[in-house]
2 protein chains.
Amino acid sequence: MKQKILVVDDESETVELVAFNLKQAGYDVISAADGEEALKKAKAQLPALVVLDWMLPEMEGVEVCKLMRRDSATAGIPVIMLTAKASEIDRVLGLELGADDYLTKPFSPRELVLRIKKILDRKKSKDADVQTLTMGELVIDVPRHLASWKGKKIDLTATEFKLLTVLVQRRGRVQSRDQLLRDVWEYDSMIDTRTVDTHMRRLREKLGPAAKFLDTVRGVGYRFVE
Amino acid sequence: MKQKILVVDDESETVELVAFNLKQAGYDVISAADGEEALKKAKAQLPALVVLDWMLPEMEGVEVCKLMRRDSATAGIPVIMLTAKASEIDRVLGLELGADDYLTKPFSPRELVLRIKKILDRKKSKDADVQTLTMGELVIDVPRHLASWKGKKIDLTATEFKLLTVLVQRRGRVQSRDQLLRDVWEYDSMIDTRTVDTHMRRLREKLGPAAKFLDTVRGVGYRFVE
DNA sequence: CGGCCTTGTCACCTGTTCGTAACATTGGCG
DNA sequence: CGCCAATGTTACGAACAGGTGACAAGGCCG
């Protein structure tokens, strides 16, 4: 499975040069010519990394970078900025705004590839390090608030995520509705215990096939089975 | 049924030495040469124990250990670390990260086998120790709300489960119907004492052969005998 | 401001469970 | 052996618990 990289530049020459070298290095490459297209593709295709030109028509590269950081779907994707200006100010700014590295034009394609490799490797080992709970094909990344089934992301709301997390952390043991209300909602239930049922239903809906883990124990509560 | 042991080391000599001795001792042995392979095999084959070299190409042995702990499938598998470094710091670190024991190279294969045996024995008795009430072949796991007879699950309703639990916890002593009503139903019986009889009957039906534990003491009440 | 998403509540519906009563069986005792 | 109380068994309606769909209030974002 090749890693996908999004290259954003309005000069088609640069795009082609970069794309060629990246493909040589074994990456999949997609491209965008302006900021809007870049954001759309980033969100739709979730590349492993984005190479972003500083100067873009319509929207500044900085702007794209900032917007990517705002959207949780793309917030984690590393960005390398390409800039024609060599001034230090720009560099710092770029990094402060969330770029992971930068290169000044003209740059050596070889160096770009090396930097990309470095960033992706660093990210990989970091990703493996975060606290994740894995239940067969179901993976829950607690600090990142991400859940996935067979590698496919599951969109959960805050409450749903917490409910799932609590159940998984106490996997095997039955949790009464009261207990869940205390642990998930965190204060003594001004809340109807039946609300738990509704959230369980929504959770099951979203989990799809993974819902088989969520077990109802009639008269007692719910349980996450392995 | 032999127990399976995964040996992870990049030096094939070490692997063979260890594998030979373990096979002699009656274990099944599988092996892996690097961290990634180790994780894959651990997850796929679920060995009873992993012997893990501290130094591995690509990924540190520590890393493998940490990742194994994260995945519920492998979290419970004991790990013995092999290390060339004899420094105390490394030892402590390894143990803190979830290894169960360690050996410094060069080590005596005989000692390795002994330690493995010890760990597996300890684990066995610990597994049986979790919060369960065991009456011969009848096992009651209160937090999980599971009852089983000879490993086969018994479906009980909430009331039946509680009734059984109370009887087992006071095993040997006769419980009057009034007492059972108080302990199982939790409030002063607006309820007919004959109701207890009905529930006892249902319980006996579901327990099948295990119903022999449920004893009627004429004129007094019921008792769980061993 | 207006639309969308989240979230807590309801009301409805279904299958399950429970309590009870009626009937059958058992066991102790004279 | 036969009686009677205690217990086992069966059946059934009522109550209940949980799934489900709908909805309104609040929050967030553009």
Side-chain angles (χ1 to χ4, degrees), chain A residues 36 39-40 43 59 63 66-75 145 147 154-164 166-167 174-208 211-212 214-223, chain B residues 145 147 154-164 166-167 174-178 180-208 211-223:
Chain A
E36 203 174 337
L39 283 173
K40 225 171 64 188
K43 189 159 183 179
M59 202 190 288
E63 202 57 33
K66 264 160 63 178
L67 287 174
M68 276 184 58
R69 292 289 176 257
R70 291 263 279 283
D71 189 332
S72 71
T74 53
H145 250 252
I154 305 173
D155 256 346
L156 296 179
T157 69
T159 321
E160 285 155 8
F161 189 84
K162 194 152 194 193
L163 177 59
L164 178 60
V166 166
L167 282 168
V174 179
Q175 307 292 307
S176 72
R177 289 177 173 67
D178 281 316
Q179 207 158 353
L180 288 173
L181 275 179
R182 242 179 298 123
D183 294 345
V184 177
W185 279 257
E186 285 185 344
Y187 49 87
D188 308 88
S189 50
M190 318 292 293
I191 292 176
D192 190 352
T193 57
R194 288 305 311 278
T195 298
V196 177
D197 296 31
T198 303
H199 279 278
M200 285 299 293
R201 181 184 49 132
R202 289 173 181 149
L203 197 49
R204 281 172 168 154
E205 227 166 58
K206 291 193 180 173
L207 289 189
K212 67 180 178 194
L214 301 179
D215 213 354
T216 304
V217 182
R218 187 175 237 275
V220 186
Y222 293 98
R223 173 179 48 191
Chain B
H145 232 259
I154 305 173
D155 256 348
L156 297 179
T157 70
T159 327
E160 285 156 7
F161 190 85
K162 196 154 191 191
L163 176 59
L164 178 59
V166 167
L167 282 168
V174 183
Q175 306 293 305
S176 74
R177 290 178 173 68
D178 281 315
L180 288 173
L181 275 179
R182 242 180 297 124
D183 293 343
V184 177
W185 279 256
E186 285 186 344
Y187 49 87
D188 308 272
S189 50
M190 319 292 295
I191 293 175
D192 189 356
T193 56
R194 290 304 312 279
T195 297
V196 178
D197 296 33
T198 305
H199 278 279
M200 285 301 294
R201 188 196 137 271
R202 287 175 181 147
L203 197 48
R204 281 171 168 154
E205 205 173 75
K206 291 192 179 173
L207 289 188
K212 67 181 179 194
F213 291 121
L214 301 179
D215 210 357
T216 304
V217 181
R218 200 179 173 78
V220 188
Y222 296 96
R223 173 177 51 184

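First the proteins, then the strands, lettered A, B, ... as listed; each starts at 1. The basis for the numbers below is simple: all heavy atoms, side chains too, and nothing from hydrogens, waters or symmetry mates.
- In this structure, the CE atom of B:Met200 is 16 Å from the P atom of D:dT10, given to the nearest Å.
- Rounded to whole Å, the distance from CD1 on A:Ile191 to P on C:dT7 is 11 Å.
- Side-chain nitrogen and oxygen atoms of A:Tyr222 include none within less than 4.0 Å of the OP1 or OP2 phosphate oxygen of D:dA17.
- The side chain of A:His199 contributes no N or O atom lying less than 4.0 Å from OP1 or OP2 of C:dT7.
- Residues forming a side-chain hydrogen bond (donor to acceptor under 3.5 Å, both in side chains) with B:Thr157 (at least two apart in sequence, or on another chain): B:Glu160.
- Computed from coordinates, the A:Asp178 CG to D:dA17 C1' distance equals 14 Å when rounded to whole Å.
- Nucleic acid contact class of B:Thr216 (heavy atoms, under 4.0 Å, all strands): sugar-phosphate only.
- Rounding to the nearest 0.5 Å places CG of A:Asp197 at 4.0 Å from CZ of A:Arg177.
- Residues satisfying the side-chain contact (heavy atoms from CB on, under 4.5 Å) criterion with B:Val166, sequence neighbours excluded, are B:Arg170, B:Leu180, B:Asp183, B:Val184.
- The shortest distance between the side-chain N/O atoms of B:Trp185 and the OP1/OP2 oxygens of C:dG19 is below 4.0 Å.
- The CH2 atom of A:Trp185 sits 5.5 Å away from atom CG of A:Leu163, with the distance rounded to the nearest 0.5 Å.
- Rounding to the nearest 0.5 Å places CZ of A:Arg201 at 11.0 Å from CZ of A:Arg204.
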Could you list, one pair per line, each protein nitrogen or oxygen that sits under 3.5 Å from a nitrogen or oxygen of nucleotides 13-15 of chain C, together with the distance?
unit_1, atom_1, unit_2, atom_2, d
C:dG15, N2, A:Arg218, NH2, 3.1

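- Within the nucleic acid shown, B:Val196 has no heavy atom closer than 4.0 Å to any nucleic acid atom.
- Atom-to-atom, CG of B:Asp192 to P of D:dA14 comes out at 18 Å; the value is rounded to the nearest Å.
- Taking B:Phe213 as the reference, B:Phe224 meet the ring-ring contact (aromatic ring centres under 6.0 Å, His included) condition, with sequence neighbours excluded.
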* Spell out protein contact along nucleotides 20-27 of chain D as letters: B when the base is contacted, S when just the sugar-phosphate is, - when no protein heavy atom is under 4.0 Å; keep the 5' to 3' order. => BBB-----

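- The distance from atom NE2 of A:His199 to atom CG of A:Leu181, rounded to the nearest 0.5 Å, is 9.5 Å.
- In this structure, NZ of A:Lys162 is placed 17 Å from P of C:dT6, rounded to the nearest angstrom.
- Atom CG of A:Leu181 is separated from atom C1' of C:dT7 by 13 Å (rounded to the nearest Å).
- Contact annotation for B:Thr157: backbone-only contact, meaning every heavy-atom pair under 4.0 Å involves sugar-phosphate atoms and none involves a base.
- In this structure, A:Tyr222 has no ring-ring contact (aromatic ring centres under 6.0 Å, His included) partners at least two apart in sequence or on a different chain.
- Note: CZ (B:Phe161) to P (C:dT17) measures 15 Å, nearest angstrom.
- In this structure, NE2 of A:His145 is placed 13 Å from P of C:dT6, rounded to the nearest angstrom.
- Separating the CG atom in A:Asp215 from the CE atom in A:Met200 is a distance of 9.0 Å, to the nearest 0.5 Å.
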